[in-house]
2 protein chains.
Amino acid sequence: MQKFFAAIRNASDIPELWDAFTGYFEQHHIDHLCLIHIPPPGAHDFGKVIIATIGYPDAFRRRYIEDKLYLDDPIPDHARHHPMPFRWSEIGEMRKLTSPQISFLKEVEQLGIGDGLAIPVFGPHGRNGYVGLALGPHNEDTSDELLHEFQAIAQMAHQRYCELLSTEETETITLSPREKEVLVWVARGKSNNAISSILGISANTVDTHLRRIYDKLGVSDRTTAAIRGIGCGLIAP
Amino acid sequence: MQKFFAAIRNASDIPELWDAFTGYFEQHHIDHLCLIHIPPPGAHDFGKVIIATIGYPDAFRRRYIEDKLYLDDPIPDHARHHPMPFRWSEIGEMRKLTSPQISFLKEVEQLGIGDGLAIPVFGPHGRNGYVGLALGPHNEDTSDELLHEFQAIAQMAHQRYCELLSTEETETITLSPREKEVLVWVARGKSNNAISSILGISANTVDTHLRRIYDKLGVSDRTTAAIRGIGCGLIAP
DNA sequence: ATGCACGTCACGCAGCTACGTGACACGGCT
DNA sequence: AGCCGTGTCACGTAGCTGCGTGACGTGCAT
């Protein structure tokens, strides 16, 4: 176990990370594995859903991304709010499902992946996701001890993934100190006039700063600018 | 180790969690321990910084919260962006420090807690924080293996903490489906007019929905409404 | 059957936002 | 010396926002 832990933690690129990650689960006879990460709005890679799988039909995998099936998947929706691992089969009891969600679950069931474990994982800047493990006859009864280990491995892999992402991140947006200051107040809901009073500068200057912020962030309104700023970690909570 | 892991995972309230958490680290001769969690803006508990400590002077702890010393603490600032554990002493090399940050670090050093390990932890809705472990003569050389364990324990404790928070959360804001739909488009930066076209309703109706959203969220502008909606997990990424 | 939450719509108005367009000074880099 | 990023400021304007105020139908729950 320590071997895989170390390999995940020290992986120098994403394929290497994925190898270590799947290697671990293969040892535990997990034959269906998926890792899903939906980048937050405002992130530079928003829209690129990450899904790495073992044992899932390739057609389904493609459909999941291209047909935006992940929008109907209730698992990430639940995982976003609740850190504790849960069974797919429990999801109906935990939350009201919409009809697209129900039909999505039926489709998954027809793939022969009826039940499994979802392990929510969390990262910086709202980079959340989950690791899905199908439970088959080999591993129906997962001990608590093993579950803890799965959880630790999953979380560690996700964190390493986020770390690798941020080093690979080419598109680096930088705001000047003054611009950040303005954006912070924008995110607090202040009007240009209010910000000008707070910072002791003219409202026109606030306007100018804001225009440059829009320009740098590639947006054209204060709301998305603020969300993007938070999503990219440019401004602090 | 498994004993503590299980105790953390199954803790039924926050004091119990904290007992299990500190119990684990006491076994490893960690005499200075802190756990810091700054709730995100928009969360119902925003402003209530959580800091649980072992071995820190009580006066410092109070100052940290009351005098908002955490705003000058560069550790959470770094931990927010980078999931991998790091040494406090390394922070100067990793990022330019502002002068309040430098004087904060000096103050900590004078407490006799010169160097230590910061383990970033992440949770749902941007509930991030870190666990700080002072390194003394007893544990200067922490093996990789032990570090992985620390990381797993810290992350698990934080996740359990978030889970407990959400069950203890009394103030539950609920938006109607239509309101959520409107808020999603607000968060995408759409104007009322644009939203009215998208949803096929009149701009006046969008306006009415929005007013009720402001009312429910306790805000009075679209930007904070959107941020609050995301922060509370009311609307999805 | 009487609320209550929800979803829909209307008018007006003060104030704010986004954007076009332009300007000037300071400091660092080449 | 010249360029570029930064920070400051100005004027105008079409369009948008937030809020006061009021209304009506539907459906669920007590």
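Proteins get letters first, then strands, A, B, ... in listed order; numbering begins at 1 in each.
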Notebook entry, point to check: Rounded to the Å, how far apart are R212(A) CZ and dA18(C) C1'?
Noted result: 15 Å
Check: Which part of the nucleic acid, if any, lies within reach of T205(A) when heavy atoms closer than 4.0 Å are counted: base, sugar-phosphate only, or nothing?
Finding: base
Next item on the list: Answer with base, sugar-phosphate or nothing: what part of the nucleic acid does D207(A) contact at a heavy-atom distance below 4.0 Å?
Entry: base
Checklist line | Phosphate contact (dC9(C) OP1 or OP2) by T208(B) side-chain N/O below 4.0 Å | finding: no
Notebook entry, point to check: Using 4.0 Å as the upper bound for N to carboxylate O, is an ion pair formed by R211(A) and D207(A)?
Noted result: yes
Next item on the list: Please report, rounded to the nearest Å, how far the P atom of dC16(C) is from the CG atom of N192(A).
Entry: 9 Å
Notebook entry, point to check: Nearest 0.5 Å, what's the CD1-CH2 distance between I75(A) and W88(A)?
Noted result: 7.0 Å
Next item on the list: May I ask you to decide whether R178(A) forms a salt bridge with E181(A), counting only side-chain N to carboxylate O separations under 4.0 Å?
Entry: yes
Next item on the list: Consider the side chain of N193(A), meaning its heavy atoms from C-beta on, and name the nucleotide among dG7(C), dC16(D), dC16(C) that approaches it most closely.
Entry: dC16(C)
Notebook entry, point to check: Which of the following nucleotides, dG7(C), dC9(D), dT8(D), is nearest to the side chain of R178(A)?
Noted result: dT8(D)
Item checked: Phosphate-side-chain proximity, K180(B) and dC6(C), N/O vs OP1/OP2 below 4.0 Å -> no
Check: DNA chain C: R211(B) or T174(B), which has the more 5' nearest nucleotide?
Finding: T174(B)
Checklist line | Value in whole Å for how far the P atom of dG25(D) lies from CD1 of I201(B) | finding: 19 Å
Checklist line | Integer-rounded Å distance: dA18(C) C1' and H209(A) NE2 | finding: 17 Å
Next item on the list: To the nearest Å, give me how far apart CD1 (I213(A)) and P (dG7(D)) are.
Entry: 10 Å
Check: Which one, dG7(D), dC9(C), dT17(D), comes nearest to the side chain of S176(A)?
Finding: dG7(D)
Margin query: Q159(A) vs Q155(A), test: side-chain hydrogen bond (donor to acceptor under 3.5 Å, both in side chains). Steps then yes/no.
Written below: CA-CA 6 Å; Q159(A) 290 191 188; Q155(A) 177 64 36; 2.8 Å; yes
Notebook entry, point to check: What's the CG-C1' distance between D215(A) and dA18(C), to the nearest Å?
Noted result: 13 Å
Item checked: Donor-acceptor pair, side chain of E90(B) and main chain of F86(B), under 3.5 angstrom -> no
Checklist line | Base dC19(D) paired with S220(B) side chain (donor-acceptor, <3.5 Å) | finding: no
Note to self: From CG of N204(A) over to C1' of dC9(D), roughly how many Å is that when rounded to an integer?
What the structure shows: 6 Å
Margin query: How many whole angstroms separate atom CZ of R222(A) from atom C1' of dT17(C)?
Written below: 7 Å
